[in-house]
Amino acid sequence: MDLKFFGEFAIVYLGILDAELEHKVLEVLTKLLREKEVLVLKKFYGITTREKSLTSISVELCVTSERVRQIKVQAMRKMCHPDNRKILV
């Protein structure tokens, strides 16, 4: 069993997300985040795909690893914002 952390929130990850749970996670992410932020989190945390490093994501998006890290941090901050917590529950 592996834990995936999204800010203060943790999802227990058993290797393959149930299709319904995966759909719900993506639905919530798309409500809160911009398209690029969703893409970075999906790739970094292995939602719908295998986990990828910041470097490999940066190559795909044609940006630096630092920029990918910044996008990831920005997305996590948005998710942890008090106004958005209602959506995550």
Side-chain angles (χ1 to χ4, degrees):
M1 182 167 58
D2 191 15
L3 287 178
K4 301 292 179 182
F5 290 96
F6 293 101
E8 296 176 15
F9 306 97
I11 293 177
V12 176
Y13 182 72
L14 301 174
I16 299 174
L17 285 177
D18 170 277
E20 184 179 336
L21 176 60
E22 187 175 276
H23 177 73
K24 287 180 182 181
V25 168
L26 290 174
E27 185 179 313
V28 168
L29 290 178
T30 55
K31 284 181 184 178
L32 295 175
L33 307 173
R34 294 176 323 179
E35 186 178 337
K36 192 173 271 190
E37 293 167 336
V38 172
L39 182 64
V40 167
L41 290 183
K42 281 173 46 178
K43 290 179 181 290
F44 187 79
Y45 290 106
I47 302 169
T48 71
T49 184
R50 298 187 102 170
E51 291 179 13
K52 295 188 177 184
S53 68
L54 294 177
T55 304
S56 64
I57 297 169
S58 71
V59 170
E60 289 179 34
L61 298 179
C62 299
V63 296
T64 64
S65 298
E66 175 60 18
R67 182 64 189 132
V68 173
R69 186 196 66 76
Q70 291 169 355
I71 292 168
K72 181 175 86 67
V73 168
Q74 182 179 12
M76 302 290 255
R77 283 187 182 140
K78 282 184 183 179
M79 290 174 43
C80 291
H81 191 277
D83 293 343
N84 294 330
R85 289 184 181 210
K86 294 173 271 187
I87 295 172
L88 294 171
V89 176

Closest non-hydrogen atom pair between [X] and [Y], with its separation:
X     : Y     : answer
Ile57 : Phe44 : CD1-N, 3.6 Å
Ala75 : Leu33 : O-CD2, 3.6 Å
Thr49 : Lys43 : CG2-CA, 4.1 Å

With a 4.5 Å limit on heavy-atom distance, are the side chains of Val40 and Leu61 in contact?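 Val40 vs Leu61: side chains touch.
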With a 4.5 Å limit on heavy-atom distance, are the side chains of Arg69 and Thr64 in contact?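 They are not in contact (no side-chain heavy atoms under 4.5 Å apart), so the answer is no.
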Passing option when Val38 is tested against Lys42, Arg34, Lys36, Glu35 for side-chain contact (heavy atoms from CB on, under 4.5 Å):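 Passing option: Lys42.
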Between Gln70 and Arg67, does a side chain to side chain donor-acceptor pair (under 3.5 Å) hold up when you go through it step by step? CA-CA 5 Å; Gln70 291 169 355; Arg67 182 64 189 132; 3.2 Å; yes
Salt bridge (charged side-chain N to carboxylate O under 4.0 Å, His left out) partners of Lys24, counting only residues at least two apart: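 By the salt bridge (charged side-chain N to carboxylate O under 4.0 Å, His left out) rule, Lys24 matches Glu20.
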How far does CG of Leu29 sit from CE of Met79, to the nearest 0.5 angstrom?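 Atom-to-atom, Leu29:CG and Met79:CE are 5.5 Å apart.
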